[in-house]
Structures are given as C-alpha cells and as structure tokens.
2 protein chains.
Amino acid sequence: MPTEREIELFKLKAEMCKTFSDYKRLLIINQLRYGEKQVGELADILKLPQAIVSRQLALLRNKGVVTPRREGINVFYRLTDEKIIEACDLVHEVLLNRLAKNREQADRYL
Amino acid sequence: MPTEREIELFKLKAEMCKTFSDYKRLLIINQLRYGEKQVGELADILKLPQAIVSRQLALLRNKGVVTPRREGINVFYRLTDEKIIEACDLVHEVLLNRLAKNREQADRYL
DNA sequence: CTCCATATATATAAATAAATATATATACAA
DNA sequence: TTGTATATATATTTATTTATATATATGGAG
C-alpha cells in the first residue's frame, strides 16, 4: 500500500500527464520541440483560434510543462524540460508497437 | 501545419496519455512495474473497491497499456510495453525538477 | 499623456466527457 | 449449483472543452 506522500506525488504526476491528454496540446508541445515559438505563430501553424492556443498554453504553463518569455508585445513559449520530449517519444514508440501488434493480429485473420 | 495522418497519430497518443491522467491508474501501473498482478491483489494493495480497479484496468487494456492473462478463475495483468515505465519515470524526473525549481523560487522570498 | 493597433489572456456559458458508487452479470472451478 | 474472481451497466456527480466575447499588456503615433 502506497503512503500518503506517494499518493500526493502520483496525483501531481497524473496532473502533468493530463496536460498530454489532448491532441492539440500534444501538437503544441511538438511544435516546441526544436525551440520557442510565439502564441500567434502556433495558432497559425496549427490552424487553431488564438483563444484556444492561449488557453491550452495556460494549462501547460500552470503544470510547468512550458515556460513563457515576454519580448515586447510578443510572448515566446518553450518547453520547460527537454525530458518532456523524450517522454513523448517513448509514448510514440509504445503506440507504434501497439499498432504493429494489431496489424499482426489483423493479418492472422486474412 | 500537421497533416491529417499526423493529427490522427497525435489523437491516438493523446488517448494513451489520457490513461496516465488519473492517479489510481498510475498507482496500478506502478504496481505492475516489476511483474504481473491479479485484479484482487491490486485492489487489496491499493485499498480500492474491486469494481474501480477492474474498470480502470479495462481502460488501460483498451488503450493497449496493460495486457490480461487468464489463469483459471484469476486474471493477471501486466504492462504491455516496458517503455511505459521509462516514460513514467521521465515524467517523475520532470516533476521533481519542477518541484525543485519552485522550492528555489520560494527560497528566494524567505 | 492619450489614443490606437496588435498580441495575448481570461471569463463565462453551453456542450461533452469522465469518475464514482452501486448493483448486477459473467466466467470458471469444485 | 455454489462460491470466488472479475467485468460491466447505469445513474449521478464532477470536470473538461469549446466558442464567443471581452479584458489586459505593450509599443508607437500624434
């Protein structure tokens, strides 16, 4: 049985993972892979309304996933920790493995 | 701008990440770190009702995160891919970094 | 300094999805 | 058929997403 403290940590982890549970946020994170980008720039690239991008960035920001930097009228966002990309890439691999397995399974019925 | 196919992949990734966005499911995943466990065993260890554990396992199973193995009356669950643990550990590190930063920040105001 | 334009953030309401508790169903072995 | 382990259904509560509108922050012109 986990201790209270462990449970608290798992709750924090769950909250961080929750920020990865929306594809638009994953798209945003992916855009920040190679460096910082402005809010409007993200909205343009992803063809999403500014308010949506800003809202999602706020969520990511509150959970410490991204960090803003204001430069005059613009705000640049970057990933707070590069390990976030590593984690996303691992999930990508797991997903591909799973899809490959499904494919195999499907093939057996052809 | 991402392609339709890319967006589909990100949606699948988001769905998988969504399974990590609940602390009970993270507790379950953590229990499976070193090998398979039965449903009732998990319920006992985590002090959760059987129906809840079974339901959460069903979610994880549907997204390919865990795999069941029936042995008579019992069902053993294991992680489908060990990379899941690596990903969770990365999130753990990111979280610790973040907490450390907050601590630093807090210290500056003491 | 005031007014305006631009970039970003937030508030709110409506729609949608998820979690929980409780009850019930299924699967298997004796 | 009975007991044990696991799974599912449903209703209720609670949280999340989206769209729309509005607010704030900053820099520049006059």
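Throughout, protein chains are lettered first and strands after them, A, B, ... in sequence-line order, and every chain is numbered starting at 1.
Comparing D/dG3, C/dA19, C/dT10 against the side chain of B/R25 picks out C/dA19 as the nearest. The nucleotide whose nearest atom lies closest to any side-chain atom of B/A51 is, among C/dA23, C/dT10, D/dA19, C/dA23. Closest contact between the side chain of A/I73 and the listed nucleotides C/dA7, D/dA21, D/dT8 involves C/dA7.
Listed pair B/S54 / D/dA7 meets the phosphate criterion, a side-chain N or O lying under 4.0 Å from OP1 or OP2. For A/Q56, no side-chain nitrogen or oxygen approaches OP1 or OP2 of D/dT16 to under 4.0 Å. Contact annotation: B/R55 side-chain N/O to C/dA21 OP1/OP2 distance is not under 4.0 Å. At D/dT17, none of the side-chain N or O atoms of A/K24 fall inside 4.0 Å of OP1 or OP2 (strictly under the cut-off). Contact annotation: A/Y77 side-chain N/O to C/dA9 OP1/OP2 distance is under 4.0 Å. Considering only side-chain N and O atoms, B/R61 lies under 4.0 angstrom from the phosphate OP1 or OP2 of D/dT8.
A salt bridge does not link B/K37 with B/D44: none of the charged nitrogens is closer than 4.0 Å to a carboxylate oxygen.
Results of the side chain to side chain donor-acceptor pair (under 3.5 Å) test with B/Y77 over B/Q38, B/E36, B/R61 single out B/R61 as the only residue that passes.
Within the 3.5 Å criterion, the main-chain N or O of A/A58 finds a donor-acceptor partner in the side chain of A/N62. A/R98 places no side-chain N or O within 3.5 Å of a backbone atom of B/V65 that could act as its donor or acceptor partner.
Annotation: B/R5, atom CZ; neighbour count of heavy atoms from other residues, nucleotides and ligands within 6.0 Å does not exceed 12.
Checking A/R70 against A/D22, the closest nucleotide of DNA chain D that is more toward the 5' end is the one next to A/D22.
For A/Q50 and C/dA9, a side-chain-to-base donor-acceptor distance below 3.5 Å is present, hydrogens and geometry of angles not being considered.
Across the protein-nucleic acid pair, A/L48 atom CG and D/dT20 atom C1' stand 16 Å apart, rounded to whole Å.
Contact annotation for B/E41: no contact, since no heavy-atom pair falls under 4.0 Å across all strands. Residue contacts for A/Q38: at a heavy-atom cut-off of 4.0 Å it reaches the sugar-phosphate backbone alone, with no base atom in range.
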